[in-house]
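Numbering starts at 1 and runs along the sequence shown.
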Amino acid sequence: MSFFTDLAHQYIDGEWRPGKGSWDIIDFNPFDGEKLASIPVATAEEVDQAYRAAERAQQAWADTNPYARRTVLEKALRIVEEREPEIAAAIVAELGGTHLKAAFELHLAKEFLREAIQLALRPAGQILPSPTEGKENRVYRVPVGVVGVISPFNFPFLLSLKSVAPALALGNAVVLKPHQNTPICGGTLLAKVFEDAGLPAGLLNVVVTDIAEIGDTLLEHPVPQVISFTGSDKVGRHVATVCAANLKRVVLELGGNSALIVLDDADVEYAVDAAVFSRYVHQGQVCMAANRILVDRAVEAEFTEKFVAKVASLTVGDPADPATQIGPLINSSQAESISRLVDETVESGATALLHGRADGNLVSPSVLTGLPADSPVLRQEIFGPVALIVPFDGEDEAVRIANDTPYGLSGAVHTGNIERGVRVGQRIHTGMIHINDGTVHDEPIVPFGGEKGSGLGRLNGESMVEAFTTQKWISVQHGRSQFPF
């Protein structure tokens, strides 16, 4: 496919070039195994070149009038809008996203670009009083300099753009490393969009590589001041450790084990709709997905019957078919892992109301219930189409179960009494929770992030200013200071 082969390069200092590594990252279509592209990996030396290019270009960009920076972001938005069918097709092909998922991702990407356009003009300084006579304290908001971005495979275009665009808007330069399974949608496609939008060379560099080639070079390099990482908590902990040792700031958006709680006064049919979407959108490969569906015993039978029926009706197949609702997992390792997890959980005592089977990378949905209270699957992230139904008696038990996890990203509470839902939501140890809705939400101006093992820091809106700028104090003494010696 020429779309992929045209973008199958490194993008460093405004140049498209092959990597100098001795092996290739092969980009496959996860549904049919078609080879989309082959990309020679970038070496540690090329990562250094990318960071040095970013460092050279950044100061002039920071000094550029923010209205001019905004113009580049506006052009990037127009390009995404014009090329939306092409980008959507790439999402379907490279990561097995359904048409619904591609539209969802692109809608959010455009919304975040619109917010990034506004961010260019957002940073504001302060003048603060001083106890010293004649002194003026000025506090400036300035770019951090260079930002390293590491993005995941599940929403690669959106989640790369989500850090890249605000960082650029605020006057920084960026080095982006996309996930190896989505090097185009998560990496070089963004480079092409911003190149065509007129972004000066060196400000956005994309290195397609692997830790097996570069080790921790991307994290340890002296140039970047902030690393924005989205991915698993296991890798996130390593990123945090390395960055702490090198005195770098991090923004970590990690995994989740969200609970969708159905209270005894909930609209059951509506809760079923929300739960099915929250668990199975993009085959469950979403950090905010409702891993655990907690249902009050008063409505358990009705909810379970309707939930299983709806899940059983989902169409599994080719993501290129607009009728498909469940496409493939990203690779065979994920498909095998999910199938094994379901089998082991059933062998350990759970009941499979639906037992999904693997056909290549396609894994049909599973619904499990009757899980032992100490089942490890209740406390881990499941990155696949598996729902766990857990009954409870009353709010207190629902809260206890919901909090019995090392994660704290998202969640939802369904109830006929909104304020009751808010009260329950306030007791859940999570960064985000939604009343009478699904668990999968992201909005451009609302702080996004998790607690516990789900991450550090927040993104979106004013949180972007906090993440990608720093404060500088300049004092001015209008009179003469008195010194003790």
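Residues forming a side-chain hydrogen bond (donor to acceptor under 3.5 Å, both in side chains) with Asn331 (at least two apart in sequence, or on another chain): Asn181. Shown here are the salt bridge (Lys or Arg N to Asp or Glu O under 4.0 Å) partners of Glu397, two or more places apart in sequence or in another chain: Arg400. Legend: residues meeting salt bridge (Lys or Arg N to Asp or Glu O under 4.0 Å) with Lys177, ordered by chain and number and at least two apart, are absent. Every residue two or more places apart in sequence or in another chain was checked for a salt bridge (Lys or Arg N to Asp or Glu O under 4.0 Å) with Arg249, and none qualifies. Evaluation of the salt bridge (Lys or Arg N to Asp or Glu O under 4.0 Å) rule for Asp210 yields no partner, not counting sequence neighbours.
Listed by first then second residue, pairs satisfying side chain to side chain donor-acceptor pair (under 3.5 Å) with a partner in residues 438-455 read Lys162-Asp442, Asp437-His441, Asp442-Asn460, Glu451-Arg458, not counting sequence neighbours. For residues 374-396, the set of pairs meeting the side chain to side chain donor-acceptor pair (under 3.5 Å) definition, not counting sequence neighbours, comprises Arg297-Asp393, Arg379-Asp404, Glu395-Arg420, Asp396-Arg427. Pairs of residues two or more places apart, or lying in two chains, never qualify as ring-ring contact (aromatic ring centres under 6.0 Å, His included) while including a residue from residues 87-114. The list of ring-ring contact (aromatic ring centres under 6.0 Å, His included) pairs with a residue in residues 354-403, not counting sequence neighbours, reads Phe153-Phe383. Sorted by first and then second residue, the side chain to side chain donor-acceptor pair (under 3.5 Å) pairs involving residues 75-97 (not counting sequence neighbours) are Glu81-Arg114, Arg83-Asp196, Glu84-Lys110. Sorted by first and then second residue, the ring-ring contact (aromatic ring centres under 6.0 Å, His included) pairs with a member in residues 283-318 read Phe303-Phe307; sequence neighbours excluded.
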Can you list, pair by pair, the side-chain donor-acceptor contacts under 3.5 Å of residues 333-340, counting residues two or more places apart and other chains?
from, atom 1, to, atom 2, distance (Å)
Ser339, OG, Ala335, O, 3.1

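For the pairing with Val164, the side-chain contact (heavy atoms from CB on, under 4.5 Å) check across Leu176, Val206, Val193 returns one residue only, Leu176.
A salt bridge links Lys306 with Glu302; the closest basic N to acidic carboxylate O contact falls under 4.0 Å.
With values rounded to the nearest 0.5 angstrom, Leu158 atom CG is found 9.5 Å from Leu113 atom CG.
Thr415 and Asp265 are linked by a side-chain donor-acceptor pair at a separation below 3.5 angstrom, with hydrogens and angles left out of the test.
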